[in-house]
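Submitted below is the structure of interest, expressed as structure tokens.
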Amino acid sequence: MKQDLVYTLAIESSCDDTSAAVLCNDTVLSNIVATQEIHKAYGGVVPELASRAHQQHIVPVVHQALAKANIDKKELSAIAFTQGPGLMGSLLVGSSFAKSLSMALGIPLIAVNHMQAHILSHFISDNEAIPLFPFLALTISGGHTQIVMVRDFFALEVIGETKDDAIGEAFDKSAKLLGLPYPGGPLIDRYAQKGDPKAFDFPKPKVADLDFSFSGLKTAILYFIQKQTAKHPDFVTQNINDICASIQHTIVEIVMDKLKKAVKQTGVNAIAIGGGVSANSGIRQALKQSEKNLGWKTYLPKFEYCTDNAAMIGIVGYHKYLKKEFSPLDCPTLARYKI
Ligand code: KG4
Ligand code: ZN
């Protein structure tokens, strides 16, 4: 190992993506992701199938990450892995692999919180802009919906989160009601771009403080579709663009209302977003507009660092390495793990 250079091998296996990355300090040398296509046939992630697929993918994915980074495993300084939150069977595949390799190579093991990793992905060196502390992080994906006050790499405070469905589930479950395949979020986005966002009115949930709730929206859409198709059987196919635009508009408004409240409450107007739903064109547009209309500063990491990936685990691993925050080999795997 060259002086001052920290080579981290990172492993992510919390849900349905098996990923391995190699970082040199805060720079990503490789970031390999094997997405599990098998779940598409079931309309959602099947935990047992996910852990089996992780077992098949993990060795080739790690080999590929080392090869692409052109690093021999003997040059590694540490192994970082996702400790949680996530699916227990999936997490166990990554954690067992990371523990065995750290023991075999005699290098430190670093356990990483997946939610902290989504946020610190903004600090990977090849992002367009790196946020300054303090900032508000909005993590939105199929599994998470959180607003976090970030004062430092390790001073994070959740100030709002969903009480039921995650925002990605709201997109995917709405899409399912419209007969669209899983994951339906990107399809709703695509149809929405051709539709009228004010065509139909869906209720916004009344949730206290900075918390979210999306389960009511799904029910409202279900009743709306049942009522309309009873009168016009082809209602959904004939109005798909307008329905999707209206659903997306409602979700974007829910997010923006909470962000405005968070900015007002904290006095912090720098917003960094992450998670798969940050690909949504409506959310991106609304955030861009906020820079002009509200004077906010917004940050979006490179797309490959938004969805689940090991590079984001590696950046947390690197910062923990600098603090010598290592984990024992018997550290637990945590399906629930608060920041
Ligand atoms: O972060 P991610 O890849 O995986 C996890 O949830 O862990 O996020 C996937 C979620 C899915 O719910 C998917 O429908 C949603 O992100 N998604 C979108 C868009 N692209 C992905 N939702 C709305 N609009 C999009 N363009
Ligand atoms: Zn995630």
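Atoms within a ligand are numbered from 1 in the order they appear, just like the ligands themselves.
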For atom 10 (C) of ligand 1, tell me which residue out of Gly142, Gly86, Gly185, Ala166 has the closest non-hydrogen atom.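 Considering heavy atoms of Gly142, Gly86, Gly185, Ala166, the nearest to atom 10 (C) of ligand 1 sits in Gly142.
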Please state whether the rings of Phe135 and Phe123 are parallel, tilted or perpendicular, taking 30° and 60° as the class boundaries.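 If you compare the ring of Phe135 with that of Phe123, the planes turn out tilted.
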For atom 24 (N) of ligand 1, what is the closest protein heavy atom, and at what distance to 0.1 Å?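 Of the protein heavy atoms, Asn280 ND2, 2.9 Å lies nearest.
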Please confirm whether the backbone N or O of Ser213 pairs with a side-chain atom of Lys163, one donor and one acceptor, at under 3.5 Å?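 Absent.
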Identify, by atom number and element, the atoms of ligand 1 in contact range of Gly168, meaning under 4.0 Å from any of its heavy atoms.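 Counting from 1, the qualifying ligand atoms are 12 (O).
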Ligand-residue contact atoms, ligand 1 with Pro183, heavy atoms, under 4.0 Å: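 Taking each heavy atom of Pro183 in turn, ligand 1 has 14 (O) under 4.0 Å.
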Atom 19 (C) of ligand 1 [closest protein heavy-atom partner, distance rounded to 0.1 Å]: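 Ranked first by proximity to atom 19 (C) of ligand 1 is Pro186 N, 3.8 Å.
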May I ask you to establish whether Lys323 and Phe154 are in a cation-pi arrangement, using a distance under 6.0 Å from NZ or CZ to the six-membered ring centre and at most 45° from the ring axis?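 Satisfied, under 6.0 Å and within 45°.
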Is the contact between Cys15 and ligand 1 made by the side chain, the backbone, both, or neither, using heavy atoms and a 4.0 Å cut-off?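 Neither part.
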Under 4.0 Å to a heavy atom of Val277 - the qualifying atoms of ligand 1, by number: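 Close to Val277: 15 (C), 16 (O).
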Could you check which N/O/S atom of Asp308 is closest to the Zn ion (ligand 2)?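 The nearest such atom is OD1.
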Using heavy atoms and a 4.0 Å limit, tell me yes or no: is Gly143 in contact with ligand 1?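 Gly143: in contact with ligand 1 (<4.0 Å).
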Here's one to test your reading of the geometry: is the NZ or CZ of Lys320 within 45 degrees of the ring axis of Tyr318 and under 6.0 Å from its centre?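 Geometry flag: not set, cation outside 6.0 Å or 45°.
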Look at the aromatic rings of Phe153 and His319 and report parallel, tilted or perpendicular, splitting at 30° and 60°.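 The arrangement is parallel - the two ring planes meet at less than 30°.
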Regarding His114, does it place an N, O or S atom less than 2.8 Å from the Zn ion (ligand 2)?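 Here the distance criterion (N, O or S atom, under 2.8 Å) is met by His114, so yes.
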Taking atom NZ as the centre, does Lys68 end up with more than 12 heavy-atom neighbours from other residues, nucleotides or ligands that are less than 6.0 angstrom away?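 Open.
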Is Gln226 atom CD crowded by more than 12 heavy atoms from other residues, nucleotides or ligands, each under 6.0 Å away?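 Check passes, neighbour count above 12.
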NE2 (His118) to the Zn ion (ligand 2) to NE2 (His144) angle, given to the nearest 10 degrees: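 Vertex the Zn ion (ligand 2), arms to NE2 of His118 and NE2 of His144: 100°.
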For atom 21 (C) of ligand 1, find the nearest protein heavy atom and state the residue, atom name and distance (0.1 Å precision).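 Minimum-distance protein heavy atom for atom 21 (C) of ligand 1 reads Gly276 O, 3.5 Å.
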Is Thr8 close to Val22 at the side-chain level, that is, under 4.5 Å between some pair of heavy atoms?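 No, every pair of side-chain atoms sits at 4.5 Å or beyond.
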Looking at non-hydrogen atoms alone, which of Asp189, Thr307, Asp308 comes nearest to atom 4 (O) of ligand 1?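 The residue whose heavy atom sits nearest atom 4 (O) of ligand 1 is Asp308.
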Got a sec: does the NZ of Lys338 have more than 12 other heavy atoms crowding it under 6.0 Å?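 At most 12 heavy atoms, drawn from other residues, nucleotides or ligands, come within 6.0 Å of this atom.
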Can you report which non-hydrogen protein atom sits closest to atom 13 (C) of ligand 1, along with the distance?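 Nearest protein contact, heavy atoms only, for atom 13 (C) of ligand 1 is Asp172 OD1, 3.8 Å.
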